[in-house]
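Counting convention: from 1, in listed order, for ligands and their atoms alike. Numbering starts at 1 and runs along the sequence shown.
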Amino acid sequence: MADRPTLTTTAGAPIPDNQNTMTAGERGPVLLQDYQLIEKLAHQNRERIPERVVHAKGWGAYGTLKITGDISKYTKAKALQPGSETPLLLRFSTVAGEQGAADAERDVRGFAIKFYTPEGNWDLVGNNTPVFFVRDPYKFPDFIHTQKRHPKTNLRSPTAMWDFWSLSPESLHQVTILMSDRGLPVAPMFMNGYGSHTYSFWNDAGERFWVKFHFKTVQGHKTLTNEEAESVVGKTRESYQEALFNTIENGEFPKWKVQVQIMPELDAEKTPYNPFDLTKVWPHADYPPIDIGELELNRNPENYFAEIEQAAFSPSNVVPGIGFSPDKMLQARVFSYADAHRYRLGTHYEALPVNAPRCPYHHYHKDGQMNFFGQKTGNVDAYYEPNSFGGAVEQPAAKEPPLKISGDADRYNHRVGNDDYSQPRALFNLFDDGQKNRLFNNIAAAMAGVPGEIIERQLAHFDKVHEDYGAGVRQALKEQHGYEANAIPVTGKTPQEAAE
Ligand code: HEM
């Protein structure tokens, strides 16, 4: 025992007994003055923090971004210059499930990266899909409500999901990806990542370019069928955590090829689609992906809670040379994440070691709960700005070039004049017969218990994508549920109806 450290209180005093509560007599009762007992119970009561409102279940690791290509004519970002190596944290996640959800569930996967660059943290908070279900952030909370539990039954509701999707045709592209093979990867290293939104690059000359980021798995795509996933979940609910942790622990470091698509600023006025619409991809033929380097994961966190649960990613974290775009969804996200972190982690979430920049940083935020860092300016007399005491000052070289915008303030109907069918059709046409059949069957399985009128409304959208799409889902519905057009499904009442 001599070489073991002494157990202490959090105040540093030695603890003489960590086995027996202090009582009045051998049988009790317990004395209120047993402060250490109270301390242990009180700490335990505070071990949980709110889980993320979405993307609660996640798996993460550290790694490196190595840039080999030369895109210096598009961006001045130091982390993207040829030869640069940037440390990073990557957290993967599912969207809908709670923290205890099984990993092998059909869902979109989060692909959130924090690059610790020499100019500050750059967070690229993307998914494993290049598009999203909605294009207007006004609809994001509604969409998420359909993915979460019904208020009365406390069950996930396929009726809510298909009701919303069938009333929101902009979701077709993402729904097709979600229900395809890509909607259920075997493990994080067998899927791509996408920045999804259109972002900006800007260079030293003040020129702006639009950019999309892609991370292509070097391990190749591996996916599970619904049946395979059932057997995985029957054996372990933690298949992603096990795969990612053990792979890295064994020294087999997963890698992704990093690519960008670049669009000159003025092209945005010419494309037949809105390049800032998150439900659309940019055709590769028009804007070919350019290889710029490799992302590797090579280190597991030491403490899951401190480094993965407390990780706070935000699309608002950009660095000189990288900027936003008019994408409405992106702009809402620029606000939403820091707000979520202040609620989930506290005012000074960015001072936590996993979130703190690895470059010098100086700001004038002051005081507040859990401020353990004092004044970062390093000068007690410079706690406001401007000041005469040598405090940190702004850096005009970091100024982004002006963004050209115009237009009347209004609420523009985002469903008017938007083609929601061509891009899902192009994707559908890429699938071979086996992929199409699995798509039809996955959709039919996900529609169990959904009322006929909602199913018919959704089938009409599939018909508009491709007649084979609608026909294939109809056939699968018939085979799985005995469903005939407009019939109430054989599975009977939805959980909501049963509860009402
Ligand atoms: C997590 C909001 C759309 C990817 C979150 C969180 C919020 C949020 C509040 C929880 C943050 C936390 O507590 O740490 C929104 C809003 C959106 C939106 C308001 C649309 C208006 C998107 C899109 C993507 C995305 C389009 C991907 C392209 C993610 C990821 C996470 C996340 C990956 C988990 C980050 C992590 O690992 O900590 N989102 N989101 N979200 N979101 Fe979104």
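Expressed to the nearest 0.5 Å, how far CD of E294 lies from OG1 of T68 amounts to 8.0 Å.
Each of the following atoms of ligand 1 lies closer than 4.0 Å to a heavy atom of A112: 35 (C), 37 (O). The ligand atoms of ligand 1 that sit less than 4.0 angstrom from a heavy atom of F313 are 36 (C), 37 (O), 38 (O). In the vicinity of S196, heavy-atom distances shorter than 4.0 Å reach the ligand 1 atoms 28 (C). For ligand 1, the atoms sitting less than 4.0 Å from at least one non-hydrogen atom of P137 are 21 (C), numbered in the order shown with element in parentheses. Short contacts between ligand 1 and R52, defined as distances under 4.0 Å to a heavy atom of the residue, involve ligand atoms 12 (C), 13 (O), 14 (O), 36 (C), 38 (O). For ligand 1, the atoms lying closer than 4.0 Å to a non-hydrogen atom of R91 are 34 (C), 36 (C), 37 (O), 38 (O). Numbered from 1 in the order shown, with element, the atoms of ligand 1 that lie under 4.0 Å from a heavy atom of V54 read 1 (C), 5 (C), 6 (C), 7 (C), 8 (C), 39 (N).
Every heavy atom of G58 sits 4.0 Å or more from the atoms of ligand 1. At a 4.0 Å cut-off, at least one heavy atom of F111 sits close enough to ligand 1 to count as contact.
By the criterion of a heavy-atom distance under 4.0 Å, the side chain of L278, and not its backbone, is placed next to ligand 1.
Aromatic ring pairs are classed by plane angle as parallel below 30°, tilted from 30° to 60° and perpendicular above 60°; the pair W59 and Y240 is tilted.
In this structure, a donor-acceptor pair under 3.5 Å is present between the side chains of N300 and E249. A donor atom on one side chain and an acceptor atom on the other are found under 3.5 Å apart for D267 and Y287. Looking at N246 and E242, their side chains never bring a donor and an acceptor atom within 3.5 Å of each other. Looking at E105 and T94, their side chains never bring a donor and an acceptor atom within 3.5 Å of each other.
Nearest heavy atom pair, residue P130 against residue I177, reads CD-CD1, 4.1 Å.
Atom 43 (Fe) of ligand 1 has no N, O or S atom of S336 inside 2.8 Å of it.
Aromatic pair F111/F215: ring centres closer than 6.0 Å.
Distances between N or O atoms of H197 and those of ligand 1 include no value under 3.5 Å. Polar contact check, Y337 against ligand 1: a nitrogen or oxygen pair lies under 3.5 Å apart.
Of the candidates R333, H55, R109, it is H55 that places a heavy atom closest to atom 34 (C) of ligand 1. Considering each of N127, V131, D327, I308, the one bringing a non-hydrogen atom nearest atom 27 (C) of ligand 1 is N127.
Of the protein's heavy atoms, R344 NE, 2.9 Å lies nearest to atom 13 (O) of ligand 1. Protein heavy atom nearest atom 33 (C) of ligand 1, with residue, atom name and distance: G126 O, 3.2 Å.
Within the cation-pi definition used here (under 6.0 Å to the ring centroid, within 45° of the axis), R299 qualifies as a partner of Y62.
For the pair F253/I248, a side-chain contact is recorded, criterion being any heavy-atom separation below 4.5 Å from C-beta on. Side-chain atoms of L90 and L295, non-hydrogen and from C-beta on, do get closer than 4.5 Å to each other.
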